[in-house]
**Q** 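Sharing a structure below in structure tokens format, with a few things to ask.
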Amino acid sequence: MKQDEPGHVHVGMDNLISDLRYAVRTFVRNPGFAAIAIMSLALGIGVNVVIFSVVNAVLARPIGGVAGADQLVRVYRGSHSPLAYEDFQYFRDSVRSFAGVVAERIQAVTTERGGEVAPLQAAVVPDDYFSTLGVAPAAGRLFSGGVSPSNPVVVLSHRYWSHDFGGDHAIIGSTLRLNDASYTVVGVASADFTSSVALWNPQVFVPFSVARPILGVAPADWNGSVYTTARLGPAATRASAQAEVDVRTSQLVAASRGARDGMTVRLDDARGVVAEIRTPAAVVSTFLMVIVGLVLLIACANVANLLLTRAAARRREIGVRLAIGASRRRLVRQLLTESLLLAVAGGALAFVAAIEAARALATVLARVVPADVALSFVPDGRVLAFTVAVSLVTALVFGLTPALQSVRRDLVTALRDDGERSGYGRSRLRSGLVIGQVLLCTVLVAGSMLFVRSLANAKALDPGFVTAGIVDIPIDLGPRRLDSLATATFYRRVLDETRAIGGVEAATLANVVPLSGSNNQTTIWVEGVSTDKQQRLPQAYFNVVATDYLKTLGIPLVRGRDVEQRLPRSGTLR
């Protein structure tokens, strides 16, 4: 038996090739049927591939342009919050399961070129940021630790280098002004790397050690939070690293004397968007995948009906093949090969269309999404594997039942000329497929109408403040390091001159803009209660605003009075 196995494999391959050739000849003789079937499948598979490309980019794609992306993990405080800078330093220095830890914060800066000032997004990162992630330079070199404060350096993103400098290598070694400080451009990051945080799209990368001019303070004195990514050591797993992090977190909480009571730290895969927005993104993704899955089912039912109709025309052919000795199993395999060929052709068209659709979608979104958000839905290897899998499953879904239906009749019935009497003319299965398509289409149409109506209703909801005619202008004075008097004078002048503009009814200042996604939180300490007895202290959200805040946003004052003119000393206001 063992000696015959190679021969059996060879015969099997010959049969498969023969089936494929016969299927191709069959479709060449019936180009109309083949075209309709392939286009139906391409549409059904295509919408699934396009949506999966988006889902893959948002939820599953690892950090691009880094070495060993599977060994990277996110480090969150609680379920999804970024770490404080000092906590990042603590875990970087104390957790032995980590081969390296990096952090990243986006900071708005300005640059001056040719007498014009332009805004930029700077990623403030550790000195060993690129070496820990394993990012390769596209030009020049990348800083890798030990950056001297006396020689501040900066690395450009590939997109910024290509778009604003035309990919000119002469930029390496030149000086780039960020706010009021000069930085030496030492290199350009690789084209497929944008950030350690999904969707972030900084133009420049600045080491923490030389970031004081753009932060306004030294990083050690900065109370901001950073998104943290760690690389697991060679012998570490996420579970073992989590166990060590739990121990280190307990030690940190004990040493903080109540300042971090209840603190937990969680490790997660470094894939897709950060945990803060993963849950709503997953809900939307599931909804979209269900919708396009129904579209694919409709396409499968349509092609299955076409195959059943075609089987009626081939009943004599099938009967003759059965009469000359072909087994029913052999005929089913031939018919499934034809279905597989249709599905593969449809899947190939779908994948090509998905590439172009992803590019078009990114172009459209780029017009409405801020420039500091990186969007790339171009299919990768995971999307290709999904396309192949869906094509194979689709071939079985629409091909198996018609194939079994075609060969289940006896020879006498199969050789009859009368299609009505043979059962092919009127088929309960075909009627059921048509009814199924109508039902699915009804569900999709009804769901689409409800979705559109829900969007219209959501747009009509009252957010509690006026949205029409409101203009948001960000102002960041932190890096200017102005004293309190100069800061207050500046903001007062901004308000006075803005209110003097024709058509402006009211103007105000606010640290947090409604619906911006940002927030300020503070812990509520109970007076007269010792620190060690205050567990799970409540958090309160607050905003820092100037006078006329309620008037500007059209928020009615129920009782009391409006806030007085209290201009902050520094910080980012709008």
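Computed from a prediction, not measured in an experiment: that's the story for all the values here. Nothing fancy with the numbering, it's 1 onward along the sequence.
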**Q** For the aromatic rings, using the six-membered ring if either is Trp, is the centroid distance between Phe98 and Phe91 under 6.0 Å?
**A**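 Judged by ring-centre distance (under 6.0 Å), Phe98 and Phe91 do not meet the cut-off.
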
**Q** Name the orientation class of the two ring planes belonging to Trp161 and His158 (parallel below 30°, tilted from 30 to 60°, perpendicular beyond 60°).
**A**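 Perpendicular.
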
**Q** Please answer whether the main-chain N or O of Ile555 pairs with a side-chain N or O of Tyr549 as donor and acceptor at a distance below 3.5 Å.
**A**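 Between the backbone of Ile555 and the side chain of Tyr549 there is no qualifying donor-acceptor contact (under 3.5 Å).
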
**Q** Does the ring of Tyr90 carry Arg92 above it, NZ/CZ under 6.0 angstrom from centre and within 45° of its axis?
**A**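 That pair does not qualify as a cation-pi contact.
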
**Q** Run Leu361 and Val54 through side chain to side chain contact (heavy atoms under 4.5 Å, CB included) and show every step you take.
**A** CA-CA 10 Å; Leu361 180 60; Val54 176; 3.8 Å; yes

**Q** So, taking the atom named OH in Tyr160 and the one named CG in Leu176, what distance separates them when rounded to the nearest 0.5 Å?
**A**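 Nearest 0.5 Å value for the OH-CG distance: 5.0 Å.
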
**Q** Would you say the side-chain atoms of Asn179 pair up with the backbone N or O of Thr110, donor to acceptor, closer than 3.5 Å?
**A**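 Answer holds: yes.
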
**Q** Test ring pair (Phe, Tyr, Trp, His ring centres under 6.0 Å) on Phe205 and Phe130 and set out the steps.
**A** CA-CA 10 Å; Phe205 298 87; Phe130 293 109; 5.3 Å; yes

**Q** Under 4.0 Å between a side-chain nitrogen and a carboxylate oxygen: does that hold for Asp164 and Arg159?
**A**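 Salt bridge between Asp164 and Arg159, a charged N being under 4.0 Å from a carboxylate O: no.
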
**Q** Show the atom names and distances, to 0.1 Å, of all donor-acceptor pairs under 3.5 Å that link a side chain in residues 41-49 to residues at least two apart or in another chain.
**A**
from: Asn48; atom 1: ND2; to: Gly44; atom 2: O; distance (Å): 2.7
from: Asn48; atom 1: ND2; to: Val292; atom 2: O; distance (Å): 2.9

**Q** May I ask you to say whether Asp70 pairs ionically with Arg231, meaning some side-chain N is under 4.0 Å from a carboxylate O?
**A**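 Answer for the salt bridge query: no.
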
**Q** In terms of side-chain heavy atoms, does Ser97 have a donor or acceptor partner in Glu244 at a distance below 3.5 Å?
**A**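 Yes, side-chain donor-acceptor contact under 3.5 Å.
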
**Q** Salt bridge check: are Arg266 and Asp268 linked by an N-O gap of less than 4.0 Å?
**A**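 So Arg266 pairs with Asp268 through a salt bridge.
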
**Q** Is the shortest side-chain N to carboxylate O distance from Asp380 to Arg61 below 4.0 Å?
**A**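 Judged by the 4.0 Å cut-off on N to carboxylate O distance, Asp380 and Arg61 do form a salt bridge.
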
**Q** Does Ala123 offer a backbone N or O that forms a donor-acceptor pair with the side chain of Glu104 under 3.5 Å?
**A**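 Answer holds: no.
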
**Q** Distance from Phe398 atom CZ to Leu342 atom CG, nearest 0.5 Å?
**A**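 Reported to 0.5 Å precision, the distance equals 5.0 Å.
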
**Q** Return yes if some donor-acceptor pair links the side-chain N/O of Arg271 with the main-chain N/O of Ala60 below 3.5 Å, else return no.
**A**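 Checked: pair present.
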
**Q** For Thr508 and Ala546, indicate whether the former's side chain and the latter's backbone hold a donor-acceptor pair under 3.5 Å.
**A**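 Side chain of Thr508 to backbone of Ala546: a pair is present.
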
**Q** Between Tyr129 and Ser144, is there a donor-acceptor pair closer than 3.5 Å when you use the side chain of the first and the backbone of the second?
**A**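 No, the answer is negative, given that no donor and acceptor are paired below the 3.5 Å cut-off.
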
**Q** Test your reading of the model: is there a side-chain donor-acceptor pair from Arg141 to the backbone of Val186, 3.5 Å cut-off?
**A**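 Here the side-chain-to-backbone pair does not exist.
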
**Q** Would you call the rings of Phe386 and Phe52 parallel, tilted or perpendicular, where under 30° means parallel and over 60° means perpendicular?
**A**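 Correct class here is parallel.
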
**Q** If we ignore hydrogens and angles and just use 3.5 Å, is the side chain of Gln121 paired with the main-chain N or O of Asn201 as donor and acceptor?
**A**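 Not at all, since once roles are kept as given, no pair shorter than 3.5 Å links the two residues.
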
**Q** Is a side-chain donor or acceptor of Ser81 paired with a backbone partner of Gly78 at a separation under 3.5 angstrom?
**A**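 No, Ser81 side chain to Gly78 backbone: no donor-acceptor pair under 3.5 Å.
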
**Q** Walk me through it: do Gln242 and Asp246 pass the test side chain to side chain donor-acceptor pair (under 3.5 Å)?
**A** CA-CA 6 Å; Gln242 181 69 67; Asp246 291 341; 2.9 Å; yes

**Q** Apply side chain to side chain donor-acceptor pair (under 3.5 Å) to the pair Thr237 and Ser240, showing each step before the final yes or no.
**A** CA-CA 5 Å; Thr237 64; Ser240 64; 3.2 Å; yes

**Q** Counting only heavy atoms not in Met263 (residues, nucleotides, ligands), do more than 12 fall under 6.0 Å from its CE?
**A**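 Correct, the count exceeds 12.
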
